[in-house]
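Worksheet: one structure, shown below.
Note that this is a predicted model, so its numbers are computed, not measured. For the numbers below, each heavy atom of this structure counts, side chains included, while hydrogens, waters and symmetry mates do not.
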Amino acid sequence: MKKTLLVLGLATGLAVSLFAGETLHLNLVPDRDVLLKGRPQEVVVKIDLSAIADRQKHRRTPLNLAVVLDKSGSMTGAKLEKAKLAAMLVVDRLAPNDVFSLVIYSDEARVLVPAQRVEDKEALRARIEGIEAGGSTALYAGVKTGARQIQEYFSSKRINRVILLSDGLANVGPSSTHDLRGLGHELAESGIAVTTIGVGDDYNEDLMAGLAEASDANYYYVRDTEKLPEIFAKELGELLTVAAREIRIEITCPDGVRPIGFIGRSERFENQKALVNLSQFILGQDRYLFLRCLVTRPEPEVARVKVSYTDELDNGSEQSTSGVVKIRYTDDPTVADRSVNLGVNAEKVLVLTAVAKDEAIAQADAGNYQQAAATLAVQKEALGAACANAPAEVQVQIRAETSNLGDFSDQLVNGKYDGASRKSLQSQSYNTRNSK
């Protein structure tokens, strides 16, 4: 079923939604509605998707879940015990129609619980309870083995998900970020997403985040082992409230508009078109993209957006919604200035802050701590400028980010930048760029 959303540019900087989809609502808002005539200008369009929050309509989709646990020697003690407890709590919340498997890995990967429907929870708990630590970290093999278990019961009618936990560096088999990103893309193309949970300060966060991002899943940095059950519960809670899956966002820019790309995302345009795939939306979730465009001709249309998805609130039916964003032109600079959407502009700066964090990480990795601190300081000023006229709820986010940047800048200047600081900074960037 096709839904249509038309977004009109207004001098007040507001967008009018004339129609929206049943489960996913699309809103397209430019950072300004009026451009000056006579010269190329950049427009940033916020592509905002939100899922309905009505739980009364929710139809719980069966899960096909593979938990992949690191049991290497570094997991000895509280880490492994909390991981086992978290896995058992997951089993407790699954239904008989769900499919569960458990893979453990150290020097090699081993299937401890073959993929099966959740009928004997006591037996599954007993298997988990008996896991003992020891050995190295064959992470790549662990994920591949978990994916093979998913494939045993793979179905488009199920949510097919691997949950990977690790506390150390992958040191057996393929171990580069490139290798794991490639695996993530491969699994995503086959309909499997990989959530990653990094525990402590010794794992490779680029690898874990890259694997999750490649399949549009969640990535968690867990410094406090005690929080592992809470993280597993959060992830499972999301999987149990999925409203839409297999989301495809198609963006087309007309001649006269040069698409520059998405802020903080790697998708590229070819022949004026780009495609963004998202794995799922949970009830009430809001996710967004910021599209940069250079308008070279005074035409009203900037971009067309079509969103297709599997609607889990409508028995897995295929749905779509679409919209067009338009702007106007003027000879009056005052009219153009007044058309700036202060809310979108502030949110854009928040995403640019995530990009600045990534730049600072790269600079600090190269030993350029002062340069990294300067990068964060410049972005801190940009946040301050955006804060004054931003909506109240965005101001709260900006103040939190301003405080974060100040803390990290101080650490860099004082030479206290360590693995925990890097993981925290990168985790924040990941969640902002992916609107998680």
Residue pair Leu180 / Pro174: nearest heavy atoms and the distance that separates them: CD2-O, 4.1 Å
As an exercise, state the distance from CG of Leu207 to OG1 of Thr196, rounded to the nearest 0.5 Å. 8.5 Å
Closer than 3.5 angstrom, by distance alone: can the side chain of Thr330 be matched with the main-chain N or O of Ala336 as a donor-acceptor pair? no
Heavy-atom side-chain proximity of Thr353 to Gln428 below 4.5 angstrom: no
Going through the checks in order, is the ring-ring contact (aromatic ring centres under 6.0 Å, His included) test met by Tyr430 and Tyr220? CA-CA 10 Å; Tyr430 181 93; Tyr220 301 95; 9.3 Å; no
In Å, rounded to the nearest 0.5 Å, how long is the span from CG of Leu211 to OH of Tyr140? 10.0 Å
State, yes or no, whether a side-chain contact exists between Asp202 and Leu169 at a heavy-atom distance under 4.5 Å. no
Please determine, by modelled atom types, if Asn414 and Tyr369 share a side-chain donor-acceptor pair under 3.5 angstrom. no
Check whether any side-chain heavy atom of Thr375 sits under 4.5 Å from a side-chain heavy atom of Gln363, and report yes or no. yes
Are there over 12 heavy-atom neighbours, none belonging to Glu393, within less than 6.0 Å of that residue's CD? yes
Can we say Asp332 and Arg338 salt-bridge, meaning some charged N sits less than 4.0 Å from an Asp/Glu carboxylate O? no
Thr321 versus Leu24, closest heavy-atom pair with distance: CG2-O, 4.2 Å
Does either side chain, that of Ser166 or that of Asp70, offer a donor lying less than 3.5 Å from an acceptor on the other one? yes
Counting distance only, does the side-chain N/O of Arg287 pair as donor-acceptor with the main-chain N or O of Asn434 below 3.5 Å? yes
Check: Tyr417 and Ile361 side chains under 4.5 Å, non-hydrogen atoms: yes
Can you check side-chain contact (heavy atoms from CB on, under 4.5 Å) on Phe100 and Val67, steps first, answer last? CA-CA 8 Å; Phe100 176 79; Val67 175; 3.7 Å; yes
Between atom CG of Asn97 and atom CZ of Arg117, what is the distance when rounded to the nearest 0.5 Å? 6.0 Å
Has the side chain of Ser403 got a donor or acceptor atom that lies under 3.5 Å from a matching backbone atom of Arg399? no
Ring centre gap for Phe269 and Phe262 strictly below 6.0 Å: yes
Quick check for you: to the nearest 0.5 Å, what is the distance between Arg433 atom CZ and Arg265 atom CZ? 8.5 Å
What's the verdict on side chain to side chain donor-acceptor pair (under 3.5 Å) for Gln285 and Ser50, showing C-alpha distance, side-chain angles and the deciding distance? CA-CA 6 Å; Gln285 187 175 19; Ser50 59; over 6 Å; no
Nearest heavy-atom neighbours spanning Ala373 and Leu412: N-CD1, 3.8 Å
Could you give me the CA-CA distance, side-chain angles and deciding distance for Thr23 and Asp311, then say whether side chain to side chain donor-acceptor pair (under 3.5 Å) is met? CA-CA 7 Å; Thr23 295; Asp311 191 340; 2.9 Å; yes
When every non-hydrogen atom of Ala217 is compared with those of Arg161, the smallest separation belongs to CB-NH1, 4.0 Å
Checking Lys380 against Phe408: charged group under 6.0 Å from the ring centre and within 45 degrees of the axis? no
Per the side-chain contact (heavy atoms from CB on, under 4.5 Å) rule, which among Asn160, Val194, Ile150 passes with Leu187? Val194
Test side-chain contact (heavy atoms from CB on, under 4.5 Å) applied to Leu228 and Ile197, step by step: CA-CA 9 Å; Leu228 271 177; Ile197 302 171; 3.9 Å; yes
Between the side chain of Gln319 and the main-chain N/O of Tyr309, is any donor-acceptor distance below 3.5 Å? no
Measure from the side-chain N and O atoms of Gln41 to the backbone N and O of Leu36, and report whether any donor-acceptor pair falls under 3.5 Å. yes
Hey, are Glu230 and Lys234 close enough for a salt bridge, meaning a charged N less than 4.0 Å from a carboxylate O? no
Leu239 CG to Gln280 CD distance, which is reported to the nearest 0.5 Å: 5.5 Å
For residues Arg258 and Thr296, is any side-chain donor paired with an opposing acceptor at under 3.5 Å? no
Between Asp418 and Ser421, is any side-chain donor less than 3.5 angstrom from a side-chain acceptor? yes
Checking Arg248 against Glu318 for the salt bridge (Lys or Arg N to Asp or Glu O under 4.0 Å) test, could you report, in this order, the C-alpha distance in whole Å, the side-chain angles of both residues, the deciding distance, and whether it holds? CA-CA 11 Å; Arg248 291 170 51 89; Glu318 297 302 314; over 6 Å; no
Which pair of non-hydrogen atoms, one from Ala360 and one from Ala372, has the smallest distance, and what is that distance? O-CB, 3.4 Å
Check Asp255 with Arg297, please: is the shortest side-chain N to carboxylate O separation under 4.0 Å? no
Answer whether the closest heavy-atom distance between the side chains of Ile163 and Leu165 falls below 4.5 Å. no
For residues Leu313 and Glu22, determine if any side-chain heavy atom of one lies less than 4.5 Å from a side-chain heavy atom of the other. no
Kindly indicate whether the side chain of Ile247, heavy atoms from C-beta on, has any atom under 4.5 Å from the side chain of Val307. yes
Between Tyr219 and Gln426, a side-chain donor and acceptor under 3.5 Å: yes
Under the side-chain contact (heavy atoms from CB on, under 4.5 Å) rule, what do Lys46 and Asn341 come out as? Steps first, then yes or no, please. CA-CA 11 Å; Lys46 181 183 180 185; Asn341 187 308; over 6 Å; no
Could you tell me whether a side-chain N or O of Arg158 sits under 3.5 Å from a main-chain N or O of Leu63, the two making a donor and an acceptor? yes
What I'd like to find out is whether the side chain of Met208 reaches to under 4.5 Å of the side chain of Leu139, using heavy atoms alone. yes
Just by distance, no angles: are the side chains of Glu250 and Thr252 close enough, under 3.5 Å, to form a donor-acceptor pair? no
For the residue pair Thr432 and Leu350, what are the closest heavy atoms and their distance? CG2-O, 3.7 Å
Less than 4.0 Å between a side-chain N and a carboxylate O, is that true for Glu186 and Lys144? yes
dist Thr137:OG1 -> Asn171:CG (nearest 0.5 Å) comes out at 4.5 Å
Quick one: do Asp98 and Arg60 make a salt bridge, cutoff under 4.0 Å? yes
For atom CG of Asn271, is the number of surrounding heavy atoms from other residues, nucleotides or ligands below 6.0 Å larger than 12? no
Give a yes or no on whether the backbone of Gly419 and the side-chain of Asp201 come within a donor-acceptor separation of less than 3.5 Å. no
With a distance cut-off below 6.0 Å to the six-membered ring centre and an angular limit of 45° from the axis, does Lys348 pair with Phe290 as a cation-pi contact? no
Stepwise side-chain contact (heavy atoms from CB on, under 4.5 Å) check, Gln116 with Glu152: CA-CA 9 Å; Gln116 58 190 268; Glu152 292 290 325; over 6 Å; no
